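As the structure is a computational prediction, the values presented were derived from the model and not from experiment.
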Amino acid sequence: MDYIGIDIGSTASKIAVLKNNFYYFSIPTGWNSKETANAIQKMLLEKGIDVTSEDVHTIATGYGRISVAYADAVVTEITCHAKGGLHLYGQDCSIVDVGGQDTKVITVEQGAVSDFLMNDKCSAGTGKFIEIMANRLGLTIDELFELAQKGNAISISSLCTVFAESEVINFMGEGRAKADIAAGVVDSVAKKVAALGFKCRLSKPVILTGGISHCNYFAELMSRKLKTEVIPMELGRYAGAIGAALIARERFSE
């Protein structure tokens with residue numbers, strides 16, 4: 001029996017396949033979630049997994065979950081990220097997920113969600129904000145974080161992504177050091193994520209999930225902002241997909 005978790009995010013789609021063990025892969029979501037879901041189906045078939053088979057069960061989650069027509073069920077991001085984060089860390093924790101479209105803070109106690117908050121009204125403090133600022137600076141996201149570690153953060157005060165980008169353009173026009181601007185961008189994201197975290201009842205420790213979950217520098221910065229240890233997770237970007245696959249196993253195992 002194969003259990004598939006598919007997390008269709010706004011930027012990337014993550015797939016976790018659970019048989020005896022997990023394996024993972026991801027692809028860009030692109031402009032059309034249905035086309036992405038169909039591409040995932042073809043890729044799984046190339047790996048010998050037919051999602052239409054009675055021996056395969058699929059749970060979809062994420063921004064584009066309703067586009068996965070072959071899924072046995074769809075499950076909310078909060079539930080899947082909580083399950084996946086718990087699996088990755090191995091015990092109760094709080095989860096900070098910086099996604100492409102939103103930021104989530106989830107607290108798991110006794111194996112279940114006890115509190116959560118989500119910021120999905122504004123892109124500031126999300127992966128989209130980071131992507132826009134990195135593009136403006138002519139950097140990849142990984143390059144942005146690497147450069148930020150070498151700089152002294154310039155304060156970016158705007159709460160809106162559009163106005164924040166204008167601030168960055170002004171700093172560039174003033175000839176400010178790129179490393180200092182990069183540090184300011186990352187610090188701005190950390191402040192906004194921490195502000196959300198302070199509104200949620202956090203338990204210790206806190207782990208990172210999402211596209212920048214592997215970044216030690218961001219984890220260290222968040223630790224200072226939240227005044228508690230924040231642990232980077234190498235496979236954190238797959239938390240939602242892992243949770244979905246585990247839920248598929250719970251629901252459909254014989």
Worksheet entry | Flag side-chain contact, heavy atom, 4.5 Å: Val68 against Tyr70 | yes

Discussion item. Are there over 12 heavy-atom neighbours, none belonging to Glu174, within less than 6.0 Å of that residue's CD?
Written reply: yes

Worksheet item: Should the pair His57 and Tyr3 be assigned to parallel (<30°), tilted (30 to 60°) or perpendicular (>60°) ring geometry?
Response: parallel

Discussion item. Rounded to the nearest 0.5 Å, what separates atom OG in Ser67 from atom CD1 in Ile6?
Written reply: 11.0 Å

Discussion item. Run Ser114 and Thr107 through side chain to side chain donor-acceptor pair (under 3.5 Å) and show every step you take.
Written reply: CA-CA 6 Å; Ser114 62; Thr107 293; 5.1 Å; no

Worksheet item: At their closest point, which heavy atom of Ser33 faces which heavy atom of Ile8, and how far apart are they?
Response: OG-CG2, 3.8 Å

Discussion item. As an exercise, state the distance from NZ of Lys178 to NZ of Lys150, rounded to the nearest 0.5 Å.
Written reply: 12.0 Å

Practice prompt. Could you state whether Met1 and Val17 fall into the same hydrophobic cluster, counting links through intermediate Ile, Leu, Val, Met, Phe, Trp or Tyr residues with side-chain heavy atoms under 4.5 angstrom apart?
Written response: no

Response to the item:
Taking every heavy atom of Asp97 against every heavy atom of Gly210, the minimum-distance pair comes out as OD1-N, 3.2 Å

Item to complete: Verify the neighbour count for atom CD1 of Ile27: are there more than 12 heavy atoms of other residues, nucleotides or ligands below 6.0 Å?
Response: yes

Item to complete: List the steps and the verdict of side-chain contact (heavy atoms from CB on, under 4.5 Å) for Met133 and Val168.
Response: CA-CA 8 Å; Met133 298 307 167; Val168 167; 3.8 Å; yes

Item to complete: Determine, using the 4.5 Å side-chain heavy-atom cutoff (strictly less than), whether Leu221 and Phe129 are members of one ILVMFWY cluster.
Response: yes

Practice prompt. Calculate, to the nearest 0.5 Å, the distance between atoms CG and CZ belonging to Asp187 and Phe218 respectively.
Written response: 9.5 Å

Item to complete: Could you tell me whether Glu109 and Arg201 have a side-chain N and a carboxylate O separated by less than 4.0 Å?
Response: yes

Practice prompt. Verify whether the ring centers belonging to Tyr24 and Phe22 lie closer than 6.0 Å.
Written response: yes

Item to complete: I would like to know whether Val206 and Ile231 meet side-chain contact (heavy atoms from CB on, under 4.5 Å); could you show each step before the answer?
Response: CA-CA 6 Å; Val206 178; Ile231 301 171; over 6 Å; no

Response to the item:
For Ala82 and Val108 the tightest heavy-atom approach is CB-CG2, 3.8 Å

Worksheet item: Does a side-chain heavy-atom distance below 4.5 Å link Lys204 with Glu229?
Response: no

Worksheet item: What about Phe252 and Val56, same hydrophobic cluster or not, with Ile/Leu/Val/Met/Phe/Trp/Tyr joined at side-chain heavy-atom distances under 4.5 Å?
Response: no

Practice prompt. Measure the shortest side-chain to side-chain distance between Ile95 and Val105 over non-hydrogen atoms and say whether it is less than 4.5 angstrom.
Written response: no

Discussion item. Using every non-hydrogen atom in the two residues, find where Pro232 and Cys215 come nearest and quote the distance to one decimal.
Written reply: CB-O, 4.2 Å

Worksheet item: To the nearest 0.5 Å, what is the distance between OG (Ser94) and OH (Tyr89)?
Response: 11.0 Å

Worksheet item: So Leu235 and Leu88, side-chain contact (heavy atoms from CB on, under 4.5 Å) or not? Walk me through it.
Response: CA-CA 8 Å; Leu235 293 173; Leu88 287 171; 4.0 Å; yes

Fill in: Ion pair Arg65/Asp7, N-O distance below 4.0 Å
no

Item to complete: Working to the nearest 0.5 Å, report the span between CG of Asp92 and CG of Leu86.
Response: 6.0 Å

Worksheet item: Are Lys104 and Asp102 within salt-bridge range, i.e. N to O under 4.0 Å?
Response: yes

Could you list the donor-acceptor pairs under 3.5 angstrom formed between side-chain atoms of residues 36-50 and any protein atom two or more places apart in sequence or on another chain?
from  : atom 1 : to    : atom 2 : distance (Å)
Thr36 : OG1    : Thr29 : O      : 2.2
Thr36 : OG1    : Asn32 : O      : 3.1
Asn38 : ND2    : Lys34 : O      : 3.3
Asp50 : OD1    : Thr52 : N      : 3.0
Asp50 : OD1    : Thr52 : OG1    : 2.6
Asp50 : OD2    : Thr52 : OG1    : 3.1

Item to complete: I would like to know whether Thr79 and Ile247 meet side-chain contact (heavy atoms from CB on, under 4.5 Å); could you show each step before the answer?
Response: CA-CA 9 Å; Thr79 300; Ile247 292 168; 3.9 Å; yes

Exercise answer: donor-acceptor pairs, residues 134-144 side-chain atoms, under 3.5 Å, sequence neighbours excluded:
from   : atom 1 : to     : atom 2 : distance (Å)
Asn135 : ND2    : Glu131 : O      : 3.3
Arg136 : NE     : Glu165 : OE2    : 3.2
Arg136 : NH2    : Glu165 : OE2    : 3.1
Thr140 : OG1    : Glu143 : N      : 3.1
Thr140 : OG1    : Glu143 : OE1    : 3.4
Glu143 : OE1    : Thr140 : N      : 2.9

Discussion item. Would you say that more than 12 heavy atoms from the other residues, nucleotides or ligands in this model lie under 6.0 Å from the OH of Tyr63, or not?
Written reply: no

Fill in: Validation row: Val96, Val230 side chains within 4.5 angstrom (heavy atoms)
no

Worksheet item: Given the rule in the side chain to side chain donor-acceptor pair (under 3.5 Å) test, do Thr209 and Arg237 qualify, once you have shown the distances and angles that lead to the verdict?
Response: CA-CA 5 Å; Thr209 65; Arg237 69 182 314 211; over 6 Å; no

Discussion item. Rounded to the nearest 0.5 Å, what separates atom CD1 in Ile181 from atom CG in Asn152?
Written reply: 12.5 Å

Worksheet item: Between Ala244 and Thr61, what is the shortest heavy-atom contact and its length?
Response: CB-CG2, 4.3 Å

Worksheet item: Are any non-hydrogen side-chain atoms of Asp55 and Asp2 less than 4.5 angstrom apart?
Response: no

Response to the item:
In short, Arg251 meets Val75 closest at the heavy-atom pair NH2-CG2, 3.8 Å

